[in-house]
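Below: the structure, in structure tokens.
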Amino acid sequence: IIGYSARLLKTNCFRTAASNTSFPAVWMLLAQYSGRVPGLFVVVKKKNFFTMPETVEDKANLELYLPHPEVRGMTRLNREAFKRTVVVPVLKVKKEIVNTLLKSLKHTVLQRPGLKRVVEDPEDEDSRLVILDPHKISEFSLGESDQEVLKQLNVHPEVSKYNLELTYENFKSEEILRAVLPEGQEVTSGFSRVGHIAHLNLRDHQLPYRHLIGQVIIDKNPGITCVVNKTSIIDSTYRNFQMEVLAGERNLVTKVKENNITYELDFSKVYWNPRLSTEHGRIVELLKPSDVLFDVFAGIGPFAIPAAKKKCRVFANDLNPESYSWLLRNCKLNKVDNKIKAFNMDGRDFLLGPVREELSRELPLLKEEQKTSFHIVMNLPALAIEFLDVFQHLLAGEPCSAAGLPTVHCYGFSKHDDPAKDVRERAEASLGTSLDGRCSTYLVRNVAPNKEMLCISFQIPAEVLYKRPCPDGGKEPLWHLDFGLHRLLFQAGPTSLALWATPAVWQ
């Protein structure tokens, strides 16, 4: 990849873009072009979309700021039980020089979000108590450098003890959950944010505490008013799943914004994954105005709507009636309802019907100078590769120019040691032809341990897409008559193919 990127950066398309761009941004440019470059497999490491934002700084802070030990095993949230008093070091300072002292001792002063560093002195209204970090003050005495600073500011170096009361509000999510759940068990639970909804995938050992976990997430994350937990796998038919509301309101109709486009949806009835926002943007970036996009499994429109905004012609389909309904609603919301033709069909029927009709009409009219491209997005990673056999002899007649052949972006899961090779070989088996040197594979994200989601992009080979008319007046050659046999032979390997291609066999 590094060698390829060096050559690619010499080209005009990258020279300008990369000239003032950081190295990670250059890799994102490479990722955008991975759908166009045969044989290129690009891996872009991205941060997880969203996890609990609070993390414990270090073991020392963890010990100091542990909630009261009696909260261990709590399954119903009692905020009062988290109160605790800790002893911290303080300096007595005249209030007019507090700000100067804070700047001078910034590495020694307590640094913890949510806690005041300066409190009133109950014995002297003209003074303030500056709280110091107990882990940086050995035996409640300052080091020589800090004492020198105090001497210059005319502050007495005596360090006093102060009882600091901590409440539920002062503890972070992870600290609260670590104190509640059984010792030694995993605490941090990543979640996706979908509008006002936090979506969890809790482990079995966390389930007894699920309602408490949900309430803590609401308390510690402004804007979240509903927490749900996934209780079943995604249903392959409609791509939705069963969920339990753990805390907050039961309203699952929400609004999200992705890549500057707003979508509305019912999270309990349609598929939406905020972790795919980068991938949606990557594919749309490949499109040019006037291109044609066929979105086979469109959902509520995260590929279709931004493509229409880019002045592409879009045909969007989804089998789920709820997804179709929200797709129409989002088209109107984003004022592209006149640029998108929406369908509520099985993906295979969509390819055999509207997609075939449009390609049959448009491809013969393409001229060499025309720059219109046709893209087919198939984002149903559990099943999409199985749909690729639809392209076998989908069209009749003479093939269009190579540049006009439609480009497919097909998604799949893989648990293989070499996921790119696995996805390519499965796609080849469905198409009945080799894609070696004619495809690129892009790693979208890690779904679970040893399970990757990938996108394979390729132009449909003319020998696959077209069923050519026979020159002998109508009788089809046996080879074209039984493309299924062709596919079986391809899977069997070159030895079997050579054997079956002999004249004696076909006679």
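In this structure, Leu129 and Pro122 have side chains that are in contact, with non-hydrogen atoms separated by less than 4.5 Å. No side-chain heavy atom of Gln111 sits less than 4.5 Å from a side-chain heavy atom of Lys136. You'll find the side chain of His68 stays beyond 4.5 Å of the side chain of Lys83, heavy atoms only. The shortest distance between side-chain heavy atoms of Leu265 and Val256 falls below 4.5 Å. Between Val86 and Leu166, some side-chain heavy-atom pair lies under the 4.5 Å cut-off. Side chains of Leu246 and Leu202 form a contact here, defined as non-hydrogen atoms less than 4.5 Å apart. Contact of the Leu66 side chain with the Arg84 side chain is registered, since non-hydrogen atoms from C-beta on lie closer than 4.5 Å. Side-chain contact between Ile213 and Leu200 is present, with at least one heavy-atom pair separated by less than 4.5 Å.
Taking all atoms of both residues into account, the shortest heavy-atom contact from Gly214 to Val227 is O-CG2, 3.4 Å. Across every non-hydrogen atom of Glu428 and Leu435, the tightest pair is OE2-N, 2.8 Å. The two residues Val245 and Cys226 come nearest to each other via the heavy atoms CG1-SG, 4.2 Å. Asp121 approaches Ser127 most closely through the heavy-atom pair CB-O, 3.6 Å. When every heavy atom of Ser373 is checked against every heavy atom of Asp291, the shortest pair comes out as N-OD1, 2.9 Å. A pairwise comparison of heavy atoms in Leu142 and Thr108 identifies CD2-CG2, 4.2 Å as the closest pair.
At least one donor-acceptor pair closer than 3.5 Å links the side chain of Gln206 to the backbone N or O of Arg203. Remark: side-chain polar atoms of Ser104 are paired, donor with acceptor, to backbone N or O of Thr100 under 3.5 angstrom. Proximity of a side-chain donor or acceptor of Arg72 to a complementary backbone N or O of Leu181 within less than 3.5 Å is detected. Remark: the backbone N or O of Phe350 is not paired with any side-chain donor or acceptor of Asn317 at under 3.5 angstrom. With Asn334 contributing its side chain and Asn330 its backbone, the two residues share a donor-acceptor pair below 3.5 Å. A donor-acceptor distance shorter than 3.5 angstrom exists from the side chain of Arg193 to the backbone of Gly195, with no hydrogens or angles considered. Asn379 contributes no side-chain N or O that, together with a main-chain N or O of Phe303, makes up a donor-acceptor pair within less than 3.5 Å. For the pair Asp295 (side chain) and Ala316 (backbone), a donor-acceptor distance under 3.5 Å is absent.
His199 has its ring centre no less than 6.0 Å from the ring centre of Phe191. A ring-centre distance under 6.0 Å is found for Phe387 and Phe297.
Of the charged side-chain nitrogens involved, at least one lies within less than 4.0 Å of a carboxylate oxygen, so that Glu358 and Arg313 count as a salt-bridged pair. Between Arg445 and Glu279 there is no salt bridge, since none of the side-chain N atoms of the basic residue sits less than 4.0 Å from a carboxylate O of the acidic one. Between Asp389 and Arg348 a salt bridge is recorded (basic side-chain N to carboxylate O distance below 4.0 Å). With respect to the salt-bridge test (charged N to carboxylate O, under 4.0 angstrom), the residues Glu175 and Arg112 qualify.
One finds the CG atom of Asn229 at 9.5 Å from the NE2 atom of His211 (value rounded to the nearest 0.5 Å). Taken from CG in Leu110 to CG in Leu105, the straight-line distance is 13.0 Å, to the nearest 0.5 Å. The CG atom of Asn259 sits 5.5 Å away from atom OG of Ser277, with the distance rounded to the nearest 0.5 Å. The CG atom of Leu286 sits 10.5 Å away from atom CG of Leu293, with the distance rounded to the nearest 0.5 Å. The line from NZ of Lys310 to NZ of Lys339 is 13.5 Å long, rounded to the nearest 0.5 Å. Separation of atoms NZ (Lys116) and CG (Asn170) is listed at 10.5 Å; rounding is to 0.5 Å.
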Ile283 vs Val377, side-chain contact (heavy atoms from CB on, under 4.5 Å): CA-CA, chis, key distance, verdict:
CA-CA 9 Å; Ile283 293 297; Val377 173; 4.0 Å; yes

Evaluate the side-chain contact (heavy atoms from CB on, under 4.5 Å) criterion for residues Arg329 and Glu264: first the C-alpha distance (whole Å), next the side-chain angles of each, then the deciding distance (0.1 Å), finally the verdict.
CA-CA 8 Å; Arg329 181 167 175 167; Glu264 293 178 350; 2.8 Å; yes

Could you walk me through whether Glu452 and Ser414 pass the side chain to side chain donor-acceptor pair (under 3.5 Å) test, one step at a time? CA-CA 5 Å; Glu452 311 292 347; Ser414 178; over 6 Å; no

>> Run the side-chain contact (heavy atoms from CB on, under 4.5 Å) test on Leu212 and Leu177 for me, step by step, so that the C-alpha distance in whole Å, both residues' side-chain angles and the decisive distance to 0.1 Å come before the verdict.
In response: CA-CA 9 Å; Leu212 181 146; Leu177 299 181; 3.9 Å; yes

Applying side-chain contact (heavy atoms from CB on, under 4.5 Å), run through Ser160 and Lys92 and close with a yes or a no.
CA-CA 8 Å; Ser160 305; Lys92 185 172 181 175; 5.9 Å; no

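For Asn338, the CG atom is densely surrounded, since the number of other residues' heavy atoms within 6.0 Å is greater than 12. Annotation: Asp417, atom CG; neighbour count of heavy atoms from other residues, nucleotides and ligands within 6.0 Å does not exceed 12. Under a cut-off of 6.0 angstrom, the local environment of CG in Asp124 is crowded, with over 12 non-hydrogen atoms contributed by other residues, nucleotides or ligands. The number of heavy atoms from other shown groups lying within 6.0 Å of CD (Glu120) does not exceed 12. In this structure, Glu96 places its CD atom where more than 12 heavy-atom neighbours from other residues, nucleotides or ligands lie under 6.0 Å away.
Under the salt bridge (charged side-chain N to carboxylate O under 4.0 Å, His left out) criterion, Arg128 pairs with no residue, sequence neighbours left out. The salt bridge (charged side-chain N to carboxylate O under 4.0 Å, His left out) test applied to Asp337 returns no partner, not counting sequence neighbours.
Classified by interplanar angle (parallel below 30°, tilted 30° to 60°, perpendicular above 60°), the ring pair His375/His409 is parallel. Classified by interplanar angle (parallel below 30°, tilted 30° to 60°, perpendicular above 60°), the ring pair Trp272/Tyr263 is tilted.
Of the N and O atoms on the side chains of Gln242 and Thr231, not one donor lies less than 3.5 Å from an acceptor on the other residue. Using modelled atom types, one finds no donor on one side chain facing an acceptor on the other under 3.5 Å when comparing Thr441 with Arg424. For the residue pair His135 / Asp133, a side-chain donor-acceptor distance below 3.5 Å is found, with atom types taken as modelled.
Of the residues listed (Asp219, Val216, Ile176, Thr167), the one engaging Arg79 in a side-chain contact (heavy atoms from CB on, under 4.5 Å) is Asp219, and it is the only one.
Applying the ring pair (Phe, Tyr, Trp, His ring centres under 6.0 Å) definition to pairs two or more places apart or across chains, those involving residues 69-93 are Phe82-Tyr168.
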